[in-house]
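This report refers to the structure that appears directly beneath it.
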Amino acid sequence: MDETTDTGRTRPLPPLRIAMVAGEASGDQLGAGLIHALREQLAGRRELMVEGIGGPEMQAAGCRSLYPMEALSVMGLVEVLRHLPGLLRLRRRLARQLLAEPPDVFVGIDAPDFNLGLERRLHRQGIRTLHYVSPSVWAWRGYRIKRIVRSLDRMLTLFPFEAEFYRRHAVPVTFVGHPLAERIPLLPDATAARQQLGLPERGPLVAVLPGSRLGEVQRLAQPFIETLQWCLERDRGLHFIVPCASPRTRELFESILARSAADLPLTLLDGRARTAMTAADAVLLASGTAALEAMLHKRPMVVAYRLAPATHWLMKRLVRVPHYSLPNLLAGESLVPEYIQDEVTPVNLGQALLNQLHNPARRSLLTRRFRELHTELQHNADQAAAAAVLEVAGHA
């Protein structure tokens, strides 16, 4: 697209400058998909320049990362406090840089405790702002909705119940769906997945995902290992696969496994979590995006969550939703068993896991409901988010 000058001549528009900040791997994936979709929609009519904070996927898509994304990857209320001074310094420094050379639009991707404050400062100075992935204001810390109203030109949500919440509070919102709903097929091929992993095509297989962060693995690996032992004592035909999110989480899991002296038919993988879930008959996992992925793979699951004790104490007093795993939140009912903190025991997890494996009627119901939820999330998310960004940027 060109500008028309007073003399009637045209000249190319300046590059569309977009600033983005992602705080962890899932946000990095969303940001990369958004950048690719923006380039497609601009289709060579205008150059795109992206800078901010992103991981390897955003950088590969063309984002110039001004600071390492790992500086933002902190989980939990209490854990954040230890890193708060450094995070605030980083946010002030980034805000000064963006205000010195204002982008056409800013997109904060998740990381609400970092991004919402940054968005508010930029918005006050006239920079158009969007936030991609809703913070859990519908579950806790609802007072943030007032700040969000003052900080954003648009909220982009992954889930339909979130968009309904923002509409009730008069926040401009676009439900874009979830990119994983586009990338994961409606009908998973378990046989092909087992072949890819070199596993037998038959026999009960459980995928075990104790978390992508070191803190999660530290808190969940031991009870998960004890759960596998409990299940194996009752079903000797079981085999387990553990896809490790990173070399560091694998090293930690292996050390805990060695200390437990457990003799388990277990295969460790480097990454390949989606393939492992596709191959499995059931999944034991840490609550988070992995639960959504297991749902999209139509796999029965048992969800567990453990937090630092002080964080859990605060959360119990603040959270006001009946469920915390994404499949149950999306369904509005208790579709999958979920256990938190002291409920995370080998007996609780083991009984629920064997029930998921050995109850054909339950498996059939879950498959049907998961397919319905999968379809609801298919909205071509990358393209929908890009269209909303360009609209807010005045480049519809």
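- Residues Asp113 and Arg91 are not paired through a salt bridge, judged by the lack of any N-O separation under 4.0 Å between the basic side chain and the carboxylate.
- The main-chain N or O of Pro210 is never found under 3.5 Å from a side-chain atom of Glu216 such that the two would form a donor-acceptor pair.
- In this structure, a donor-acceptor pair under 3.5 Å is absent between the side chains of His123 and Ser151.
- Here His358 pairs with nothing under the ring pair (Phe, Tyr, Trp, His ring centres under 6.0 Å) rule; sequence neighbours left out.
- Met20 is not connected to Met49 by any chain of hydrophobic side-chain contacts under 4.5 Å among Ile, Leu, Val, Met, Phe, Trp and Tyr, and they are in different clusters.
- The distance from atom CD of Glu51 to atom CD1 of Ile18, rounded to the nearest 0.5 Å, is 11.5 Å.
- Crowding of Arg248 atom CZ: a count of heavy atoms from other residues, nucleotides or ligands under 6.0 Å not exceeding 12.
- Side-chain atoms of His374 come within 3.5 Å of backbone atoms of Ala181 as a donor-acceptor pair (strictly under, hydrogens ignored).
- Atom CG of Leu238 sits about 9.0 Å away from atom CG of Leu205, to the nearest 0.5 Å.
- The hydrophobic clustering, which links ILVMFWY residues whose side-chain heavy atoms are closer than 4.5 Å, places Leu377 and Leu34 together.
- Under the 3.5 Å distance criterion, the side-chain polar atoms of Arg17 are matched with a main-chain donor or acceptor of Glu101.
- Without hydrogens or angle criteria, Arg194 side chain to Pro200 main chain gives a donor-acceptor distance under 3.5 Å.
- Gln59 CD to Ile35 CD1: the interatomic distance, rounded to the nearest 0.5 Å, is 9.5 Å.
- Between Pro135 and Ile148, some side-chain heavy-atom pair lies under the 4.5 Å cut-off.
- Nearest heavy-atom pair across Pro179 and Gly177 is CD-O, 4.0 Å.
- A donor-acceptor pair shorter than 3.5 Å cannot be found between the side chains of Thr157 and Tyr166.
- No donor-acceptor pair under 3.5 Å is formed between the side chain of Arg128 and the backbone N or O of Asp104.
- Here the CG atom belonging to Leu349 is positioned 9.5 Å from the CD atom belonging to Glu343, to the nearest 0.5 angstrom.
- A search for side chain to side chain contact (heavy atoms under 4.5 Å, CB included) contacts involving Leu365 returns Arg362, Arg368, Arg369, not counting sequence neighbours.
- Using a 4.5 Å cut-off on side-chain heavy atoms (C-beta onward), Tyr132 and Val176 make contact.
- Taking both residues in full, the closest heavy atoms of Ala331 and Leu335 are given as CB-CD1, 3.5 Å, listed atom of the first, atom of the second, then distance.
- Distance check: Met295 CE to Phe370 CZ gives 7.0 Å after rounding to the nearest 0.5 Å.
- For the pair His297 (side chain) and Ala280 (backbone), a donor-acceptor distance under 3.5 Å is absent.
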* **Derivation of the ring-ring contact (aromatic ring centres under 6.0 Å, His included) call for Phe165 and His169** => CA-CA 7 Å; Phe165 173 86; His169 289 84; 4.4 Å; yes
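- Cluster membership for Leu156 and Leu16, using ILVMFWY side-chain heavy atoms within less than 4.5 angstrom, is shared.
- For the pair Thr227 (side chain) and Pro223 (backbone), a donor-acceptor distance under 3.5 Å is present.
- The main-chain N or O of Ser26 is never found under 3.5 Å from a side-chain atom of Gln29 such that the two would form a donor-acceptor pair.
- A search for side chain to side chain contact (heavy atoms under 4.5 Å, CB included) contacts involving His36 returns Ala61, not counting sequence neighbours.
- Not a single donor-acceptor pair under 3.5 Å links the side chain of Asp28 to the backbone N or O of Gly54.
- Counting heavy atoms from C-beta on, the side chains of Phe106 and Asn115 come closer than 4.5 Å.
- Listed for the Asp270 side chain is no donor-acceptor partner under 3.5 Å among the backbone atoms of Cys244.
- No more than 12 heavy atoms of other residues, nucleotides or ligands sit less than 6.0 Å from atom CD of Glu251.
- A heavy-atom distance below 4.5 Å is not found between the side chains of Asp153 and Val105.
- In terms of hydrophobic clustering, with Ile, Leu, Val, Met, Phe, Trp and Tyr side chains grouped at heavy-atom distances under 4.5 Å, Val208 and Leu197 are assigned to different clusters.
- Rounded to the nearest 0.5 Å, atoms CG (Leu209) and CG (Leu284) are 8.5 Å apart.
- Linking ILVMFWY side-chain heavy atoms closer than 4.5 Å, directly or via other members, places Val344 and Leu257 in a single hydrophobic cluster.
- Using modelled atom types and a 3.5 Å distance limit, the side chains of Gln222 and Glu226 yield a donor-acceptor pair.
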